[in-house]
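Read the structure below first, then the notes.
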Amino acid sequence: MNRLLLPLLAAALLAGCPNAETNKPIPAAATATPAPTASGLAAQLARYHWYLQGATDAKGKRIDALFAREDKPLQLDFTNGRIGIGNSCNHIGGSFSVTAEGIEIGSLMSTQMACANPKLMALDAEASRRLEGSLALLLAESEPPQLRISNRAGDTLSFRAEPTADTRFGGPGERVFLEVAAQTQRCHHPLIPDMQCLQVREIHYDAKGLKAGTPGPFQHFYDAIEGYTHEPGVRNVLRVNRYAIKNPPMDASNTAWVLDMVVESEASAK
């Protein structure tokens with residue numbers, strides 16, 4: 001297994017740190033791989049969503065506070081010099097830069113939403129405290145890649161990778177805003193009896209972020225929007241990325257839609 005290693009971890013981390021799934025040391029690579037440039041490593045980090053799969057403190061004890069959401073593990077995203085931390089109570093973000101010693105994460109800021117679950121509320125502080133400042137970083141070129149981050153207190157966090165939509169579809173998507181009506185409607189599909197379709201229309205915004213023009217009528221939407229689950233009775237405006245699919249299977253759509261964020265949401269009878 002080839003490895004991309006930044007100097008601060010050195011050989012001890014390669015040989016002695018336990019694997020989060022097997023609790024066995026990860027063997028050192030048989031042949032050395034030149035360390036990537038800072039820009040190359042940042043680009044590699046940006047290709048994936050990173051999901052927490054293991055976390056231990058300096059004594060090797062599991063950091064339970066970081067697993068408040070077992071169904072949705074803590075998520076890291078690295079984009080254009082910014083790190084985003086998701087699947088916590090609030091969304092947390094800040095700047096980052098790759099250094100000769102590892103990675104430097106600036107002061108982290110978060111939204112101010114309150115969560116009923118106290119463990120989920122505490123997750124924000126627990127994650128920020130361990131993922132801020134000068135950190136050692138190990139990126140293993142496995143399939144999928146694995147990321148390991150260690151801080152000066154001795155905490156070690158390991159992450160599994162899932163390709164971003166840009167990575168899966170071979171490039172950045174087209175940004176589109178879709179208004180989704182509160183109610184679905186029955187629509188014809190040759191293979192799905194009594195199919196219910198979302199009612200969707202595209203809307204546009206000007207340079208000031210104000211709605212521009214008059215949207216057209218709602219139309220049947222036969223595709224799925226990855227990451228979006230419709231709740232009957234709730235109207236939404238979605239910011240999505242639209243991707244062209246090369247060589248789609250027969251009878252499959254040649255377009256993929258991936259949710260970026262929900263811009264508006266309101267209960268509505270229509």
Side-chain angles (χ1 to χ4, degrees), residues 49 51 68-77 79-80 82-94 108-125 127-128 162 164-166 169 172-189 192-244 253 255-270:
H49 303 297
Y51 295 97
R69 301 187 71 171
E70 294 286 357
D71 59 326
K72 293 184 177 180
L74 202 69
Q75 175 183 338
L76 304 186
D77 288 286
T79 308
N80 298 326
R82 303 287 298 178
I83 181 174
I85 303 175
N87 292 340
S88 52
C89 175
N90 288 273
H91 182 78
I92 305 168
L108 294 170
M109 305 293 289
S110 73
T111 54
Q112 299 298 315
M113 182 179 69
C115 294
N117 186 337
K119 290 184 178 180
L120 194 55
M121 282 289 292
L123 178 58
D124 289 4
S128 297
E162 288 188 8
T164 65
D166 285 4
F169 297 112
E174 178 187 3
R175 181 61 53 81
V176 179
F177 292 88
L178 300 178
E179 181 179 3
V180 182
Q183 305 297 341
T184 60
Q185 288 188 16
R186 185 175 178 179
C187 53
H188 174 73
H189 192 287
I192 306 176
D194 300 323
M195 180 173 177
Q196 292 288 319
C197 284
L198 295 176
Q199 301 302 294
V200 170
R201 62 184 176 183
E202 187 172 349
I203 59 176
H204 301 275
Y205 293 87
D206 62 20
K208 296 181 180 180
L210 301 175
K211 289 183 179 179
T214 302
F218 285 102
Q219 297 181 346
H220 294 325
F221 188 81
Y222 288 89
D223 291 334
I225 301 173
E226 182 179 323
Y228 174 69
T229 301
H230 184 68
E231 181 180 349
V234 178
R235 182 192 69 87
N236 290 292
V237 174
L238 311 178
R239 189 172 76 185
V240 303
N241 292 321
R242 178 169 58 194
Y243 299 88
S253 174
T255 304
W257 307 80
V258 180
L259 177 67
D260 184 62
M261 68 176 295
V262 178
V263 179
E264 297 179 16
S265 184
E266 67 172 358
S268 175
K270 298 181 180 180

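Hydrogens, waters and symmetry mates play no part in the numbers below; they use all other heavy atoms, side chains included.
Closest non-hydrogen pair, Leu123 versus Ser88, comes out as CD2-CA, 3.7 Å. Summarising the geometry of Lys208 relative to Asp206, their closest heavy-atom pair is N-OD1, 2.9 Å, with the distance given to 0.1 Å. Counting all heavy atoms, side chain and backbone alike, Ala182 lies closest to Ser268 at CB-O, 3.2 Å. For His220 against Gln199, the heavy-atom pair with the smallest separation is ND1-NE2, 3.0 Å. For Gly173 against Asp166, the heavy-atom pair with the smallest separation is N-OD1, 3.7 Å. Taking both residues in full, the closest heavy atoms of Ala165 and Val258 are given as CB-CG2, 3.9 Å, listed atom of the first, atom of the second, then distance.
Here Ile92 contributes atom CD1 and Thr111 contributes atom OG1; the two are 8.0 Å apart, rounded to the nearest 0.5 Å. In this structure, CG on Asp77 lies 8.5 Å from OG1 on Thr164, to the nearest 0.5 angstrom. Remark: Cys115 SG to Met121 CE distance equals 6.5 Å, nearest 0.5 Å.
Considering only heavy atoms from C-beta on, Glu264 comes within 4.5 Å of Arg235 through its side chain. In this structure the side chain of Ile225 reaches within 4.5 angstrom of the side chain of Leu178, judged on heavy atoms. Proximity of Tyr222 to Ser253: side-chain heavy atoms (C-beta onward) are nowhere separated by under 4.5 Å. Residues Leu120 and Cys89 have side chains in contact (heavy-atom distance under 4.5 Å, counting atoms from C-beta outward). Inter-residue side-chain proximity for Ile85 and Leu76 is flagged as met; some heavy-atom pair is nearer than 4.5 Å.
In this structure, the side chain of Arg239 does not engage the main chain of Met261 through any donor-acceptor pair within 3.5 Å. One N or O on the side chain of Asn90 and one on the backbone of Met113 form a donor-acceptor pair closer than 3.5 Å. Side-chain atoms of Asn117 come within 3.5 Å of backbone atoms of Lys119 as a donor-acceptor pair (strictly under, hydrogens ignored). For His204 (side chain) and Phe177 (main-chain N/O), no donor-acceptor pair under 3.5 Å exists by modelled atom type.
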Let me see the working for Tyr228 and Val240 under side chain to side chain contact (heavy atoms under 4.5 Å, CB included), right down to the final yes or no. CA-CA 10 Å; Tyr228 174 69; Val240 303; over 6 Å; no
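Between Glu179 and Lys211, no side-chain nitrogen of the basic residue sits less than 4.0 Å from a carboxylate oxygen of the acidic one, so the salt-bridge criterion is not met.
Crowding of Arg175 atom CZ: a count of heavy atoms from other residues, nucleotides or ligands under 6.0 Å exceeding 12.
Ring orientation note: the planes of Trp257 and Phe221 are nearly perpendicular, at an angle over 60° on the 30°/60° scale.
With no hydrogens or angles considered, no side-chain donor-acceptor pair links Asp124 and Ser110 at under 3.5 Å.
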